[in-house]
Amino acid sequence: MAQRTLSRYLTEEQRHKEVITGDLKLLLEVAARACKAISIAIGKGALGGDGGVLGEAGSDNIQGEAQKKLDVLSNEILLEANEWGGHLAAMASEEMDLPHLVPNRFPKGEYLLTFDPLDGSSNIDVNVSIGTIFSVLKCPEGADLSTPEAAAKAFLQPGTAQVAAGYAVYGPTTLLVLSVGDGVVVFTLDREHGHFVMTRENVRIPEETAEFAINMSNRRFWEAPVQRYVDDMTAGRQGPLGKDYNMRWVASMVADVHRIMTRGGIFMYPMDEKLRAKGGKLRLMYEANPMAFLIEQAGGAASTGRQRILDLVPHDLHQRVPVILGSRREVERAVGYHST
Ligand code: AHG
Ligand code: MN
Ligand code: MN
């Protein structure tokens with residue numbers, strides 16, 4: 001049987017199911033092409049041009065974090081790939097203070113794209129899985145796009161308004177995981193032919209799990225409900241939850257989320273005392289929202305502990321939020337600890 005490529009899947013979603021527009025199809029194909037280019041750059045590692053692609057860029061981003069060369073390169077690849085196609089009004093990124101407006105020499109489209117160009121930066125230099133996360137919104141009618149400052153307001157829509165979201169994982173294989181609101185599909189990069197081939201469809205996350213992911217070194221800074229919940233999990237079979245849990249922490253959200261997409265689990269980056277002034281660790285617009293959309297599309301759940309992530313109304317492009325997501329029943333259990 002003929003392989004189902006990403007292009008074919010998107011064509012079917014457009015032509016037969018009418019779930020997406022032609023412009024959204026183009027946007028997603030271009031985003032996938034950019035992920036392919038990032039995957040190729042990462043694959044070169046220390047052999048990449050100009051001293052390799054590993055190491056520090058020597059600059060800080062808006063969050064005050066030191067940028068790696070690959071953070072900057074991935075951001076440039078995504079901007080350049082997406083600005084000329086006529087399907088976008090503006091783009092926002094973890095690595096840019098303000099949105100990037102489509103230059104006047106190109107036509108403007110009706111979509112907004114946000115991305116975390118390179119997720120898991122601390123894993124670049126140690127050759128552990130990293131990724132790209134992206135989210136697509138519609139640009140509100142009549143939005144002021146005259147300046148980047150004005151355009152930032154157009155992005156401040158709740159996660160429920162996303163029309164598509166996805167991530168690429170650059171691991172032993174490069175995968176693209178995508179949802180256009182019609183379930184979750186997984187594509188594997190065929191490096192010889194240079195295209196993405198569908199390798200899983202209708203992804204469903206098991207409702208129950210006995211595997212959790214959290215950075216345990218922050219335990220003393222967590223809020224009481226999260227401390228109690230994790231204590232109960234680590235108490236194992238003899239504890240109140242009556243089962244032995246296993247723990248994993250890759251420190252790349254994409255890799256931890258992808259494990260959950262594959263075999264279930266719960267992922268948490270909760271509020272902690274060090275992060276309180278910032279609102280949390282993970283960014284709402286280009287980390288929490290796209291991942292929450294994908295997780296819900298696969299039958300899982302995503303919460304701050306007190307609220308569904310997709311219902312949050314953002315007030316800032318780079319806003320941070322506590323994140324608890326994964327297998328539905330386990331997330332409900334974690335949320336339950338916050339109300340007792
Ligand atoms: P980024 O590299 O885009 O800044 O994101 C890193 C995030 C996320 O991917 C991961 O889950 C988390 O930071 C890891 O944090 P710790 O280093 O505190 O474990
Ligand atoms: Mn990230
Ligand atoms: Mn990043």
Side-chain angles (χ1 to χ4, degrees), residues 34-35 38-39 41-42 53-57 59-79 91-97 113-135 165-171 177 212-222 226 230 247-261 265-276 278-292 294-295 302 304 309 317-326:
C35 291
I38 295 170
S39 173
I42 290 168
V53 293
L54 308 182
E56 309 295 324
S59 48
D60 284 354
N61 67 13
I62 168 76
Q63 345 258 340
E65 298 160 344
Q67 292 175 307
K68 303 275 185 183
K69 281 190 197 173
L70 270 179
D71 288 321
V72 176
L73 180 65
S74 305
N75 193 57
E76 281 168 5
I77 289 174
L78 281 154
L79 291 179
M91 289 177 259
S93 158
E94 178 190 354
E95 306 303 340
M96 302 184 301
D97 191 351
L113 179 65
T114 70
F115 43 83
D116 175 354
L118 218 286
D119 175 66
S121 306
S122 72
N123 283 326
I124 295 172
D125 296 346
V126 290
N127 202 26
V128 170
S129 293
I130 48 184
T132 296
I133 310 171
F134 61 89
S135 157
Y167 62 83
V169 201
Y170 312 114
V177 179
F212 69 92
I214 194 165
N215 184 338
M216 286 292 286
S217 70
N218 294 322
R219 188 189 178 287
R220 67 191 181 286
F221 302 114
W222 297 335
V226 174
V230 175
M247 194 202 90
R248 289 287 183 273
W249 184 251
V250 184
S252 289
M253 189 191 200
V254 277
D256 282 311
V257 166
H258 193 68
R259 184 185 58 256
I260 291 171
M261 285 289 184
I266 184 166
F267 168 94
M268 289 173 281
Y269 214 119
M271 178 58 79
D272 76 35
E273 274 318 308
K274 299 187 270 74
L275 298 170
R276 192 166 296 283
K278 291 178 170 175
K281 163 94 183 189
L282 298 172
R283 281 60 54 110
L284 177 61
M285 301 297 297
Y286 38 81
E287 291 178 320
N289 266 345
M291 290 310 202
L294 288 156
I295 290 279
T304 63
I309 286 179
L317 201 50
H318 299 287
Q319 182 175 340
R320 297 175 187 249
V321 282
V323 173
I324 299 176
L325 58 76

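All ligand and atom numbering here is 1-based and tracks the order in the structure. Below, each value reflects all heavy atoms present in this structure, side chains not excepted, and no hydrogens, waters or symmetry copies.
When only modelled atom types and interatomic distance are considered, E94 and Q63 share no side-chain donor-acceptor pair under 3.5 Å. Looking only at atom types and distance, the side chain of N61 has a donor-acceptor partner in the side chain of E95 under 3.5 Å away.
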Tabulated below should be the N or O atoms of ligand 1 paired with protein N or O atoms at under 3.5 Å; can you produce that?
{"from": "ligand 1", "atom 1": "2 (O)", "to": "G120", "atom 2": "N", "distance (Å)": "2.9"}
{"from": "ligand 1", "atom 1": "2 (O)", "to": "S121", "atom 2": "N", "distance (Å)": "2.8"}
{"from": "ligand 1", "atom 1": "2 (O)", "to": "S121", "atom 2": "OG", "distance (Å)": "3.2"}
{"from": "ligand 1", "atom 1": "3 (O)", "to": "E94", "atom 2": "OE1", "distance (Å)": "3.0"}
{"from": "ligand 1", "atom 1": "3 (O)", "to": "D116", "atom 2": "OD1", "distance (Å)": "3.4"}
{"from": "ligand 1", "atom 1": "3 (O)", "to": "D116", "atom 2": "OD2", "distance (Å)": "3.0"}
{"from": "ligand 1", "atom 1": "3 (O)", "to": "L118", "atom 2": "O", "distance (Å)": "3.4"}
{"from": "ligand 1", "atom 1": "4 (O)", "to": "E94", "atom 2": "OE2", "distance (Å)": "3.2"}
{"from": "ligand 1", "atom 1": "4 (O)", "to": "R283", "atom 2": "NH2", "distance (Å)": "3.1"}
{"from": "ligand 1", "atom 1": "5 (O)", "to": "D119", "atom 2": "OD1", "distance (Å)": "3.2"}
{"from": "ligand 1", "atom 1": "5 (O)", "to": "E287", "atom 2": "OE2", "distance (Å)": "3.4"}
{"from": "ligand 1", "atom 1": "9 (O)", "to": "D119", "atom 2": "OD1", "distance (Å)": "2.7"}
{"from": "ligand 1", "atom 1": "9 (O)", "to": "D119", "atom 2": "OD2", "distance (Å)": "3.2"}
{"from": "ligand 1", "atom 1": "9 (O)", "to": "M253", "atom 2": "N", "distance (Å)": "2.8"}
{"from": "ligand 1", "atom 1": "18 (O)", "to": "N215", "atom 2": "ND2", "distance (Å)": "3.4"}
{"from": "ligand 1", "atom 1": "18 (O)", "to": "Y269", "atom 2": "OH", "distance (Å)": "2.5"}
{"from": "ligand 1", "atom 1": "19 (O)", "to": "N215", "atom 2": "ND2", "distance (Å)": "2.9"}
{"from": "ligand 1", "atom 1": "19 (O)", "to": "W249", "atom 2": "NE1", "distance (Å)": "3.0"}

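Under the 30°/60° scheme for interplanar angles, the aromatic rings of W249 and F267 are found to lie parallel.
Taking OH of Y170 as the reference point, atom CG of N123 lies at 14.5 Å (rounded to 0.5 Å). In this structure, CE on M291 lies 8.0 Å from CG on L325, to the nearest 0.5 angstrom.
Counting only protein atoms, the N, O or S atoms lying less than 2.8 Å from the Mn ion (ligand 2) are D116 OD2, D119 OD1, E287 OE2, ordered by chain and residue number.
For CG of D60, the number of neighbouring non-hydrogen atoms (other residues, nucleotides, ligands) closer than 6.0 Å is greater than 12. Dense packing is recorded around NZ of K274, with more than 12 heavy atoms of other residues, nucleotides or ligands lying under 6.0 Å away.
Identified under the salt bridge (Lys or Arg N to Asp or Glu O under 4.0 Å) test for residues 248-259, with sequence neighbours left out: E211-R259, D256-R259. Within the structure, the salt bridge (Lys or Arg N to Asp or Glu O under 4.0 Å) test picks out the following pairs touching residues 65-75 (sequence neighbours left out): E56-K68, E65-R283, E65-R320, K68-D125.
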